[in-house]
Amino acid sequence: MPKKPRIFLESHHLKNQFTGFGQFNYWLIKKLAEFNRDYELIINCKDRSMIKDFSRVSFNRYYPITRYKEFRTLKKYDIWHSLNQNCKTEPRFNMPYIVTIHDVILMERDEGKASEKMYKLIEEKIKRSTAITYISEYAKNATQKYFDIPEGVIERVIYNGNPVLPRETVNCKIPAEHTSKPYLFSIGQFMERKNFHSLVPMMTELKDFNLIIAGNKDKAYGEFVQNEIEKHNLQNRIFLVGKISEEEKHYYLQNCSAFVFPSLFEGFGLPPIEAMSYGKPVFLANKTSLPEIGGDLAFYWNEFDASNMTKVFEEGMTKFESAKSDYTTKLKARAASFDWNETAKQYLDLYDEVLNKA
């Protein structure tokens, strides 16, 4: 039996399951493993237990020292696929190479030395690439703005899938004060670019709703948002609930009145899709990739002062409620169009194309 081509998946972010990179790695590998018949998939991660959910894959132990040139692997593969643009583990030798670019936000925000360092890292990846995949048109356009793409490199936009399947019922203990009123829900890492603090002044005007924001709040920005809540005396209506379980996330999505996501920089933006899978109205910043996600079904903030955000929210909810059944059906259908099965098939097709080109 002929040997299967070997695909090396640089995927050590599997360890970070509460991040976008971690979720991308997990679901892409899981679905690649389900549909793959032609390749040996080698998963580069810290611990063998991280691949227990995947069938028909091989394990390669990730060591941080391999980030340095002199300690790069001596092995050769038929394709090396770097699953995100900031992976520092690279092949020692030339071989067909794919990089998936999620965003180039540091460049757009011009974050000084951090931007320069990241620029060099991404530039090296692009120069050695046989193919580049982007998780959104926004990510593609932004990359092309800051980097020269070598002639002949295959470029593909392959959208991420939606791992959330709505549940009929969710049994979950939620503090009663959180849901004492109809509530709005948001979730994400507590970083300044998520713009959660802009929701606080808006809530002073939306007196009939509570607001629940989930995500790791144990950073300086989490403290800043909490201070804003206290400054506006909204401790009994805005709740920062920290990291939550999948069960809790489903509960909040299933029972919220609307999903609010004023993030200023998103390479893709999975949380709004998760909310749409429950047929919930979504309110998004009209920035970066989010208009690609929400399409003409979402409601958008162009400005982030309290009066403008309140106006957009109230007008959006009125529009949603006036045709609720139609909106709900279309929102669920849009969420379902972001399908990890289809995503994995597109990556497998790309592997075929890259090998045929080599």
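Note that these values count all heavy atoms, side chains included, but never hydrogens, waters or copies made by symmetry. Start at 1 with the first residue, then count along the sequence.
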Glu90 pairs by salt bridge (Lys or Arg N to Asp or Glu O under 4.0 Å) with which of Arg72, Lys125, Lys127?
-> Lys125
How many angstroms lie between CE in Met203 and CZ in Phe313, if you round to the nearest 0.5 Å?
-> 8.0 Å
Going through the distances and angles, do Tyr119 and Tyr146 end up as a ring-ring contact (aromatic ring centres under 6.0 Å, His included)?
-> CA-CA 9 Å; Tyr119 184 92; Tyr146 292 99; 7.9 Å; no
Side-chain donor-acceptor pair under 3.5 Å between [X] and [Y], yes or no?
X      : Y      : answer
Glu266 : Ser263 : yes
Glu292 : Tyr159 : yes
His250 : Glu248 : no
Gln235 : Gln226 : no
Ser55  : Glu34  : no

Name the orientation class of the two ring planes belonging to Phe190 and Tyr221 (parallel below 30°, tilted from 30 to 60°, perpendicular beyond 60°).
-> tilted
Would a distance-only check, ignoring hydrogens and angles, find a side-chain to backbone donor-acceptor pair under 3.5 Å from Trp301 to Met309?
-> yes
Test applied, ring-ring contact (aromatic ring centres under 6.0 Å, His included); reference residue, His81; option that passes from Tyr97, Tyr347, Tyr39 | Tyr347
So, for Phe268 and Phe24, is the gap between ring centers shorter than 6.0 Å?
-> no
